[in-house]
Each structure stands twice: as C-alpha cells, then as structure tokens.
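Residue numbers count from 1 along this sequence. Indexing begins at 1, ligand by ligand and atom by atom, following the structure's order. The figures that follow rest on heavy atoms only: side chains count, while hydrogens, waters and symmetry mates do not.
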Amino acid sequence: MAPRDNIVELPPQASRIGGAWVTGSAWIDVNDPATGAIIGRVPNLGAEETERAVTAATGAMPAWAARTAAERADILRAWHALVLSKRTWLARLLTLEQGKPIVEAEAEIDYAAAYILWFAEEARRVYGEIIPAPTGDTRILVLRQPVGVVGAITPWNFPAAMITRKLAPAVAAGCGVVLKPAIETPFTAIALIDLAEQAGIPAGLLNLVTGDAEPIGAVLTTDPRVRKISFTGSTAVGARLFAQSASTMKRLGLELGGNAPFVVFEDADLDAAVTGAIQAKFRNAGQTCVCADRFYIQQSIYPAFIERFAAAMAHLRSGSGFAPGVTIGPVIHERALTRLEKLIEEAMQSGARLLCGGTRSKGAGTFLEPTLLCDVDHSMRIVSDEVFGPIAAVMPFADEAEVIERCNASEAGLAAYFYARDHARIWRVAEAIEAGMIGVNTGRISTEVAPFGGVKSSGIGREGSRHGIEAFCELKYVCLDIGSGEKAA
Ligand code: NAP
C-alpha cells in the first residue's frame, strides 16, 4: 500500500550524545507548517548536555583521526549508500517538518548525499607539501591535520544538505562534531546522525543536541575544546557567534544571508530568463539563501518580462508538499508569514504595484500565494532586506553601469544572476558584481563540486568543492634539520 500523506515514521525523538539517545524533562514541539499540527517533540537540552557532547567528540576524535584516509572514506561511502537507500523516508520526513514539495525534498536528499560522496572522495586527497628549503641541511614539510572538534549550527531551510555539507568534510578530515540543528527541523538531522552511526562512524564522533539555541551556542563558542564553529544561518546570528568565538580564537566558517540580484539585459533570451527567474525565486517557497530577491529588468524589455513572468507564475501551485503537482509549500511559521505580509504592505504603500498574489491562503498552514510586485525601488525593505519568501520584486534599469551599482548597493554578497548574450558584457558583469556565486543565463547554481559561499556580510569561507575540506584542516609546518652529514661511501 502506498504511504499515506503526511504519516511518516519519526526517528528517535531524542538528542544523540556519546552514542546514546538522550532525552530530558523539558520538550520542544515540532510542527508541520502545512497544517500547523504537532508532529512530534524533541528534548529541550542546554549547556550541561552540550558540554557532555563536546567531551564525547573530544574523546572520540583521536582514534578516528588516526584511521587511514581510506578507512574514513569507506565509512563515508557507506553513509552515502544508507542515505540513498532511505531516500523516500528521509524526503517525506523533510517535507513533513519543513514543508517543501516532496519532489524538492527528494532532490535535497540527493544533494545532501552528494556532499557525503564528494567528501568521501576528498578524504583521500588531504595532501601535505614539501617546500624547497632555504638551506641544504633542512627539509620543510607541511602536514594537514584535522582542525579539532567542530561546533556545527544549521538552519531549517535545507535540513539535510546544510548538515552533510559540514559534517561530511569534518568527518573526512578526522574531526569530531557537535551539531545543533534548527529547532523547526530536528528530525531530518536526527535521522542523518543515526544513519551515520549505522554506517560505522564511531559512537561519540558525531553528537547532536536539540534545545535552546542560546545556551548551546554559548558553550560551542566559548569552550576551548571546540576549535571551529561552522554556522549556516542569518547574518545577525552569524555576527553574534563571531563575536562570542573571539575569546577562544576559533576558526570560523559562516554561511550567512543573501539578497541576490537577478538582472535581465535587453539582449537576453527572454523565455530562458523567465524560466531561470521562476527557478531562482520560488524554490523552497523563496526560502533559499541564494534565492533571487531583487529583479532588475532593462527598460526596453521591462513590460514584456513582467507579462511573461506573471504568466509563468500562474502555473505555480501552492499547497501541502505531499500533494501531487504542488510547487510551492508553506513558509516555515506564522512569524515568517506575518513579516512577509508586512513587507508587501509597506512596498504597496510606497508605490509598488501588486500584479499577483499578496495574500495568505485560507486554512491552517502558513501559505503565502506567489506574489509579484513591480515598480519597486531601493528605498523599500522588499528590496533592501533578504525576502526569504515567495515574493518577486521587480524594477527597471537604464544601463549596465547603473545596474552594477545597484547590484552592489547591498551589504549582502552571496549569489547573483544575470541573463545576457553579449560575451564581453558577460565577462564584465560577472567580474564586477560583488557576490561569491554568479549564475549567468541560469537560475540554478548549487552543486557539491563548486565552492559555495559569500562575500561582504554573506559570510566567511566556502563549503563544498575541493576547498570545502580545507576549512576542517590546520596546516602544521615541520622544519627538519638533517645535518650536513657524512655522505655514504
Ligand atoms: P537563524 O535564525 O540564524 O538560525 C540558524 C541556526 O542558528 C538555527 O539552528 C538557530 O537555532 C541557531 N541560532 C539562533 N540563535 C542562536 C544563538 N544565539 N546561538 C547559537 N545558535 C543560534 O537562521 P534561519 O532563520 O534558521 O535560516 C535562515 C537564514 O539562513 C537566512 O538568512 C538564509 O539566507 C541563511 N542561509 C544561508 C545559507 C548559506 O549557505 N549562505 C544557507 C541556508 C540559509 P534555533 O533554530 O533553535 O533558533
């Protein structure tokens, strides 16, 4: 019998510390954002349990780091295979707690698994160096060693991929980890950690603590045994963790908020631009850090683009992520929905025109109809803030110089997209836009093989690609005096 909609078996409703399931006396409910129903609960743990988790990771790490790279790679590959073997269940769990359409959830599980396989492969390529020495009697070697215990903190918008993008390289490099997943989406995280242990990752190496973010974050950022914080989430929280980590001089990887521009020049293929705009804006109901937020359309094609974009948006269908054909799930919670409604209201009061959407759907879930606002400008929060919802805000521009200036007039610098055919322009604009990732004539840029990350307030460091494992390694330089020595006869 086919599985019934939104009836999904949950993993243990517990944290995982030192290879044991841990509960407590206080609990936090987890909701299905499509219905508002409580689907389960997780323990509300705090500082004491986080310290225990750090102790477990610190204890498990040396033996793990001492294993050969090939052994670590084999176990990561076993984790990858287990995740794929549980793809259907994991995707349904993800849709249940996060809301995204099941097709997107399945794609996220594939994406999350791809990071595990990629870093299984990279585990075997953590090379050292030998540097030509300045004198004949010395040899200079550089070792790459695991950075130490990692505190990983992840958001709710990609509850699987944001975890494997950190944990797989950490484990590949030989590190222990304490993970604090977002409180809205703990079950996907728990399931992934469980599968990692089933695959052979030793008990205590990967620990997961659910609960109040502040005390957990305080331990992770101040305990001297934690050597690195790897955070994905909002810029405000990232800045706070950065400051908290200063006294123990931790290494930091920060994947923070975006506010991606999406530019269409008059020489672009307009239909391709509309397809790319739909992809870049509405994936995960607009709740993606690389989502297109501000649409700049060259004046001569502005009316035609808006007309075609609105026509394409009419095919979007919002509803439960489990329902066939649904392309837009709920936004994560009531707080997010109210904020989006306020952004729309403010923009309209300042002169923006509403072409479609703009209202919440009736019923229990937190749904906002896909919304198109045109004639927006930079004085509006819908343009200057990260939108993080299914709202496209569109405005015209005159020329290349103007649009580059507008693209860069943001503290965020995560992703940017533009559509053009002229090759010289493609190079000029790609080089001039201040962002860590640029999509040219495409609305899809995320892949495990490329370095993911931002500039300016969008963060520090890169995840994925061959650079992703470097963040979990330290360099150690060894200077060896071999003496002038008697040459062997
Ligand atoms: P968030 O509010 O910053 O939360 C992210 C994580 O930080 C959650 O686990 C949260 O825990 C935790 N947290 C909050 N306050 C904390 C504190 N004082 N100490 C320690 N941890 C704390 O962000 P979000 O709303 O979940 O995610 C959306 C944001 O993430 C957007 O800005 C988006 O652009 C960004 N993002 C960036 C990337 C990237 O790769 N650059 C990828 C995905 C998302 P609780 O859940 O318990 O509050």
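- Here the side chain of Thr50 pairs no donor or acceptor atom with the backbone of Ile216 at under 3.5 angstrom.
- Annotation: Tyr296 is in aromatic contact with His378 [ring centroid separation under 6.0 Å].
- For ligand 1, the protein residues placed under 4.0 Å by at least one non-hydrogen atom are Ile153, Thr154, Pro155, Trp156, Asn157, Met162, Arg165, Lys180, Pro181, Ala182, Ile183, Glu184, Ala213, Glu214, Gly217, Phe231, Thr232, Gly233, Ser234, Val237, Arg240, Leu241, Glu255, Leu256, Gly257, Gly258, Cys289, Glu386, Phe388, Leu414, Phe452.
- When atom types are taken as modelled, the side chain of Arg227 and the backbone of Arg251 share no donor-acceptor pair closer than 3.5 angstrom.
- Not a single donor-acceptor pair under 3.5 Å links the side chain of Ser458 to the backbone N or O of Leu256.
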>> Would Glu122 and Arg125 count as a salt bridge (Lys or Arg N to Asp or Glu O under 4.0 Å) here? Give the steps.
In response: CA-CA 5 Å; Glu122 287 301 297; Arg125 284 184 265 285; 3.6 Å; yes
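- Note that CG of Leu84 and CH2 of Trp79 are 12.0 Å apart. Values are rounded to the nearest 0.5 Å.
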